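Here's the structure we're looking at; comments come further down.
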Protein chains: 4
Amino acid sequence: MNRDKPKYKQIVDAAVIAIAENGYHQAQVSKIAKQAGVADGTIYLYFKNKEDILISVFQEKMGVFVENLTEIIQKGKTPIEKLSNMIDNHFQVLANDHHLATVTQLELRQSNKDIRMKINMILKEYLRLLDEILIEGMTKGDFDPTMDVRVARQMVFGTIDENITTWVMNEFRYDLLESAPKVKKLLINGLKG
Amino acid sequence: MNRDKPKYKQIVDAAVIAIAENGYHQAQVSKIAKQAGVADGTIYLYFKNKEDILISVFQEKMGVFVENLTEIIQKGKTPIEKLSNMIDNHFQVLANDHHLATVTQLELRQSNKDIRMKINMILKEYLRLLDEILIEGMTKGDFDPTMDVRVARQMVFGTIDENITTWVMNEFRYDLLESAPKVKKLLINGLKG
Amino acid sequence: MNRDKPKYKQIVDAAVIAIAENGYHQAQVSKIAKQAGVADGTIYLYFKNKEDILISVFQEKMGVFVENLTEIIQKGKTPIEKLSNMIDNHFQVLANDHHLATVTQLELRQSNKDIRMKINMILKEYLRLLDEILIEGMTKGDFDPTMDVRVARQMVFGTIDENITTWVMNEFRYDLLESAPKVKKLLINGLKG
Amino acid sequence: MNRDKPKYKQIVDAAVIAIAENGYHQAQVSKIAKQAGVADGTIYLYFKNKEDILISVFQEKMGVFVENLTEIIQKGKTPIEKLSNMIDNHFQVLANDHHLATVTQLELRQSNKDIRMKINMILKEYLRLLDEILIEGMTKGDFDPTMDVRVARQMVFGTIDENITTWVMNEFRYDLLESAPKVKKLLINGLKG
DNA sequence: GATGAATGAGCGTTCATTCAT
DNA sequence: TATGAATGAACGCTCATTCAT
């Protein structure tokens, strides 16, 4: 079950494609295996079970968001700049990968409570970094120092998420990136207090 | 398939409980029937199939939100008051019915694309009413007249939704209603521009 | 369960239509009831169960064949004339009632062994009359006196039956009655020995 | 879905037994699987669905009739000899396999129209070969050159079929093979004209 | 007699997982 | 490691029959 071997990533990527193209419930293990070019049984040399594939998909892909956000925080000067770059990054990554957007915004949410609980655990790290930005902003006076961080974080993440989900549901018919400045303006106004 | 007979509502309510307690995929028709105190076959006198039960659950329950919001819009004086009351209503209805909250925020989202598309159609009416409030606010000067209504609506709904979902995922461990004033403050600040 | 009341015949006739138009397996009791213009439950005031309806259909309709054949035997002069008239009658009755032909030749044969055993019991009387004609022919020298009556009867009935079934399966696309003289010629040649 | 693997024939044979012993409607897939000594799911590696099993049963078994008849036609000298051998073969194959006789004469006829249409397509080849014999006989003067081939074919097949069906319905209580010479004599007389 | 709402047993099929090769 | 044939548990839906009115 070595997660560094090339076949591991090969299967994770195949899962994204299989789920995006067939839908969550139609992405049987055999389809993922076929897409990955391996036998059904081979999947089980790298993953404990199907649930493990799905969680790994999220983990691997979410990793990119966390890495990018870590860098954004390091390089950014002001909290507002950091928040702005975070939103841009979030929108850009998904705007550039429709398969991934479909999987994270629609398909993976059809998984059962257990899986989504685990997915939420993975998301935690990303939200922790967001909290960091918000707290810095409150301390430095860029954001309302009296606001509730949890609620503020939920506003930021909920707004971004809803935006992207709507775009996916509309089958990418408009340019997601055009919404970014509007989202930023509204959110920053909200946070300024 | 008469939707006015008492058994119709009886089954819809039973479905909410069965789904909340067992999870979407474990809420077999037989469990819903048992919960409703009717025979399995009786379900099919009132619903075309299982999918129809789920859509009806959403329809019936969402109906309350739409009715309440309609009244709120009629009675409210200012757009801000209307928005405020809408948020209060949304939080209160779900804070008072944990089963319903579980079903709408977690379980029903596991349904397949078809069902979710239909659920979205039902949601549309609610979002249209929200748009009404926002546009009135833009016209009257309460909200930023230059903002994008769609993005603003996504912020309001996304923030509310994310808040409630987090609360459900945390298994109702804190008081949802305490978040309402904070959510309102943040959102209204954001919309004011 | 009075079989003389008008509703009894009404339901039998409705069954023929319902079965002919929907097929044996799609002719649910509720469809037969609807076709007859009575409630589902009413069926059970006249018939023990669904099987009883089907057997009654055959019984009532077969009755016509037996009555006609009895008269043919009484009025006929020679065994060959009687056989000839029997074949004509058999073809004519079904050529005039496509619904009935469909039901007896195709649909009713989809019933289970039990029902078909009972149908065969009803058929017995008709075959007994046919035997009478054959035996008279053997005695009078019109037919081969050394032939096996059972086998001869099976030839006559099997040939008639196969002819009509093929015609039904070809959806009545040709004129069944044109085959009658040919069938008669072949059979009588066979029987003459 | 490889039809050459041993398990394919294994399941077809099991289906004949399961249907003969339980009746068409009581021969559930699970019973066929059990009889074949495989898991339920294995059935679906070799057959598209239950209907496909039934059609395959007929196809495989009818194949024997067609093969035998082809050989009979090749080896036979006169049309009468060929017809005679065909009847013998038809009777012998079924006299030697009561299960198969039950299935072809009684149980398979309970299938729905679709299946029976497909079964009829398979039967067509057998009837075509019979037609060949009849036409040769008409040409060579063994059979009445003025007879209608279709009607003649229906007499031959109908007589054979009715004979065997009666024997099955009488639960094999008499020796089917004793009827063969009688059937042949009657039919050949009929065809001679 | 007549109704029709309610009943509940019964089954074909899918698919994640295993394991002999 | 890798394979893929085989497994078998699990469930939505139909429809003949009943029975309170």
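All chains are named by letter (A, B, ...) in the order of the sequence lines, taking the proteins before the strands, and each is independently numbered beginning at 1. What you see is a predicted model, and the numbers here were worked out from it, not measured in a lab.
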Residues within residues 15-29 of chain B bordering DNA chain F, heavy-atom distance below 4.0 Å:
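Within this stretch, B:Q26, B:Q28, B:V29 sit under 4.0 Å of the strand.
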
Interatomic distance where [atom1] belongs to [X] and [atom2] belongs to [N] [whole Å]:
{"X": "A:D40", "N": "E:dA16", "atom1": "CG", "atom2": "C1'", "result": "10 Å"}
{"X": "B:I53", "N": "F:dC11", "atom1": "CD1", "atom2": "P", "result": "15 Å"}
{"X": "D:K50", "N": "E:dC11", "atom1": "NZ", "atom2": "P", "result": "8 Å"}
{"X": "B:K31", "N": "E:dG8", "atom1": "NZ", "atom2": "P", "result": "19 Å"}
{"X": "A:K48", "N": "E:dT17", "atom1": "NZ", "atom2": "C1'", "result": "14 Å"}
{"X": "B:I32", "N": "F:dG12", "atom1": "CD1", "atom2": "P", "result": "8 Å"}
{"X": "D:E51", "N": "E:dG12", "atom1": "CD", "atom2": "P", "result": "13 Å"}
{"X": "B:L45", "N": "E:dG8", "atom1": "CG", "atom2": "P", "result": "13 Å"}

In terms of relative ring orientation, are D:H25 and C:H25 parallel, tilted or perpendicular, with 30° and 60° separating the classes?
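D:H25 vs C:H25 ring planes: perpendicular.
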
Determine whether the side chains of D:K31 and D:Q28 contain a donor N or O and an acceptor N or O closer than 3.5 Å.
->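 Side chains of D:K31 and D:Q28: pair found under 3.5 Å.
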
Practice item. Would you check if there is a donor-acceptor pair between the side chains of C:N22 and C:E107 at a distance under 3.5 Å? Key: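 No.
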
Encoded 5' to 3' (Watson-Crick or G-U under 3.5 Å; [ ] crossing; | other strand), DNA chain E becomes .||||||||||||||||||||

* Asked: Closest heavy-atom contact between C:D40 and C:S30?
  ->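 Reported closest heavy-atom pair: OD2-CB, 3.3 Å.
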
| query | Is any side-chain nitrogen or oxygen of B:K7 closer than 4.0 Å to OP1 or OP2 of E:dA6? | reply |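 B:K7 to E:dA6 OP1/OP2: side-chain N or O found under 4.0 Å.
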
- prompt: F:dG4 phosphate, OP1 or OP2: any side-chain N/O from A:K34 under 4.0 angstrom?
  reply: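 For F:dG4, neither OP1 nor OP2 has a side-chain N or O of A:K34 closer than 4.0 Å.
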
Expected output: side-chain B:T42 to main-chain B:V38 donor-acceptor under 3.5 Å: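 No: the side chain of B:T42 does not pair with the backbone of B:V38.
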
